[in-house]
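Right, one structure below, let's go through it.
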Amino acid sequence: MQYRAFGSTDFKVSALGLGTMRLPLSSIIPQKVNVNKSIKLMRHAIDSGINYFDTGWPYHLGQSERIIGKALQDGYREKVHLVTKLPMFFISRENEFDFYLNSSLKRLQTDHIDTYLFHAFSKNTFERMKKLKLLDKMKKARDEGKIGNIGFSFHDTLPVFKEIIDYFDWDVVQIQYNYMDTALQAGRAGLELAASKGMAVVIMEPLKGGQLANPPQEAKDVMNASGIHRSPVDWALQYLWDRPEVSCVISGMNTINMINENCASADRSGIGSLSQNELKVIDELVEIYRKSILVPCTDCKYCMPCPFGVNIPLHFATLNHQTIERRFYYRFFVRRSYSALVKNKKRLNKSKTNGHASLCTECGACIPKCPQSIQIPTELKKTLEVLDKRKNIRDIFPE
Ligand code: SF4
Ligand code: SF4
C-alpha cells in the first residue's frame with residue numbers, strides 16, 4: 001500500500017480508503033446488510049494496509065456505522081482513521097448535534113471519531129450550519145476529544161465551495177471527483193484550491209457510481225488499442241492518484257476481490273506517474289462517455305425513498321445501460337429488474353422502493369436531495385419515453 005500526506009496533519013493515509021455506503025447485502029432480506037461478510041471484508045481491508053474508513057450516519061439506515069463498530073473490535077480500531085458525518089439534511093435544531101454525534105460514537109463503539117464531517121454541504125445546508133452555530137458545537141466536541149479533524153463533504157457549485165473554504169480553517173474536505181467530473185461541483189479548481197490551503201482532500205465517487213467500471217464498447221476499444229494493459233477501474237483510479245492534491249481515494253468495495261485488485265492498483269500508483277500518452281487515452285474516454293451517459297445518476301440513493309415509492313436510480317441505470325452496456329445478459333438482468341417495478345401503489349412493498357415512474361406525482365421532494373442536480377421528475381418522464389414508449393434515445397436525449 002502507498003501512503004500519502006493527509007493535508008497539514010501528521011497522519012499518513014493509505015492512498016485507498018474504504019467507503020461503506022455499498023456493503024454486501026443479504027441475499028434473502030432486501031436492504032439488509034450481510035453482517036458477517038461485511039466484517040470479514042473490513043478486516044481484510046485493514047490487513048491489506050487500508051487505514052481510512054469512511055461512513056455516514058444514514059448509510060444503510062445506520063447499519064454501516066454499527067457493523068464498523070463490530071468489525072473494529074479485537075484491536076482493529078487503533079489501525080484505522082475513522083470518519084463519519086453529521087447528517088446535515090436531517091438537522092433542524094442545535095441540540096440535535098449531540099444526539100447525532102453521540103449515537104455515531106455508540107454505534108461505532110469508540111470514544112472518538114478521527115475526522116468528523118458535515119455531511120453534504122450545499123448552499124442550503126451551509127447556511128443552516130451557520131444559523132444553528134454547529135461549527136461551535138464541532139469545536140467543542142474537538143476540545144472534549146470526541147472528534148479529531150473537522151471537515152465537510154460537498155455537493156454544490158464551485159462558488160459555494162469557495163465560500164465554504166474561506167469560512168473556516170478546515171482540516172479535511174471530501175469531494176466528488178473522477179475523470180468525467182473535473183468541471184462538476186468543486187471540480188479540479190476546487191481540488192487545487194483546497195489542497196493549496198493545506199486541507200486533506202479525500203475523493204468520493206472515483207468511478208462515478210460504478211459507471212467508469214463498465215465502459216461502453218467504444219471506450220473499451222480505445223483502452224485496448226492503447227497497448228496499455230489496465231482495467232477500466234485501474235484507469236480511473238490512477239488518474240486520481242496521479243494528482244498531488246489527492247490524499248485518499250474512497251472506493252465502496254464490497255468484495256474481497258475488489259479490495260485485492262484496488263490495493264494492487266494503489267501499490268502501482270504515484271504522483272505524476274501517468275505519461276502524456278496515458279492522459280491522452282483518458283481524454284478520449286471522456287469524449288466517449290460524454291456521448292453515452294444520458295442521466296448522470298451515480299446510484300447514491302440520497303433521493304430515496306420517494307414518498308410515492310418510485311425507484312428513481314433503477315430507472316436511470318436501466319436507461320444508461322441502453323447506451324453503455326453491450327453485454328446482452330447484463331442488459332437482460334437490468335431490464336428484468338426494471339420490468340418488475342410496480343405501477344399500482346397498492347402493490348408497493350413495505351420499504352416503498354419498487355415503484356415505477358408512472359407513480360411519480362412530480363412533487364419535487366427528491367430534487368434538492370440529488371447531489372448531481374438532476375431534475376429527477378423531468379428526467380424520469382424522458383426516461384419513460386425511451387423505456388416504455390420505445391422512442392428513439394437520440395430524439396429524447398439529443399447529444
Ligand atoms: S418528484 Fe416524483 S420521484 Fe421525486 S419524490 Fe416526488 S414523486 Fe418521487
Ligand atoms: S438521482 Fe441523484 S440522488 Fe438519486 S441516486 Fe441518482 S444521483 Fe443519487
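Just so you know, residue 1 is the first one in the sequence shown, and it goes up from there. Both ligands and their constituent atoms are indexed starting at 1 by order of listing.
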* Asked: Are the ring centres of F154 and H119 closer than 6.0 Å?
  ->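 No.
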* Asked: Would you say C366 reaches atom 4 (Fe) of ligand 2 with an N/O/S atom under 2.8 Å?
  ->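 Here the distance criterion (N, O or S atom, under 2.8 Å) is not met by C366, so no.
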* Candidate pair H81 and F53, rule ring pair (Phe, Tyr, Trp, His ring centres under 6.0 Å), full reasoning -> CA-CA 6 Å; H81 188 96; F53 270 32; over 10 Å; no
Any donor-acceptor pair under 3.5 Å from [X] side chain to [Y] backbone:
X	Y	result
S64	T20	yes
W170	I164	yes
D114	G148	no
K85	T55	yes
S8	G198	yes

Any idea which atoms of ligand 2 are less than 4.0 Å away from a heavy-atom of [X]?
X	answer
P371	3 (S)
Q372	7 (S)
I376	1 (S)

* Asked: Knowing that exactly one of M223, H229, E261, R268 qualifies, which makes a side-chain contact (heavy atoms from CB on, under 4.5 Å) with D234?
  ->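 One option only clears the test, and that one is R268.
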* In this structure, which one of P307, P313, C306 forms a side-chain contact (heavy atoms from CB on, under 4.5 Å) with V310? ->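 By the side-chain contact (heavy atoms from CB on, under 4.5 Å) criterion, V310 pairs with just one of P307, P313, C306: C306.
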What's the shortest distance from [atom] to any protein heavy atom, and which residue and atom give it?
atom	value
atom 2 (Fe) of ligand 1	C360 SG, 2.3 Å
atom 8 (Fe) of ligand 2	C300 SG, 2.3 Å
atom 6 (Fe) of ligand 2	C297 SG, 2.3 Å
atom 4 (Fe) of ligand 2	C303 SG, 2.3 Å

* Asked: Hey, is there an N, O or S on C363 sitting under 2.8 Å from atom 6 (Fe) of ligand 1?
  ->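 Yes - counting backbone and side chain alike, C363 has an N, O or S atom under 2.8 Å.
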Numbering as shown, the atoms of ligand 1 that approach [X] to under 4.0 Å (heavy-atom distance):
X	value
P377	1 (S)
C306	3 (S), 5 (S), 7 (S), 8 (Fe)
L380	3 (S)
G364	1 (S), 6 (Fe)
P307	5 (S)
F308	7 (S)

* To do: Using ring pair (Phe, Tyr, Trp, His ring centres under 6.0 Å) as the criterion, point out the one residue from F168, F121, F118 that pairs with F152.
  =>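 The option that passes is F121.
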* **K301, portion touching ligand 2 at heavy-atom distance under 4.0 Å** =>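 The part of K301 near ligand 2 is the backbone, not the side chain.
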* To do: Please state which part of L359 comes within less than 4.0 Å of ligand 1, counting heavy atoms only: side chain, backbone, both or neither.
  =>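 Neither part.
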* May I ask whether Y59 and V35 are part of the same hydrophobic cluster, defined by side-chain heavy atoms of I, L, V, M, F, W, Y residues being less than 4.5 angstrom apart, directly or through others? =>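 No; tracing contacts between hydrophobic side chains, which count when under 4.5 Å, never links both residues.
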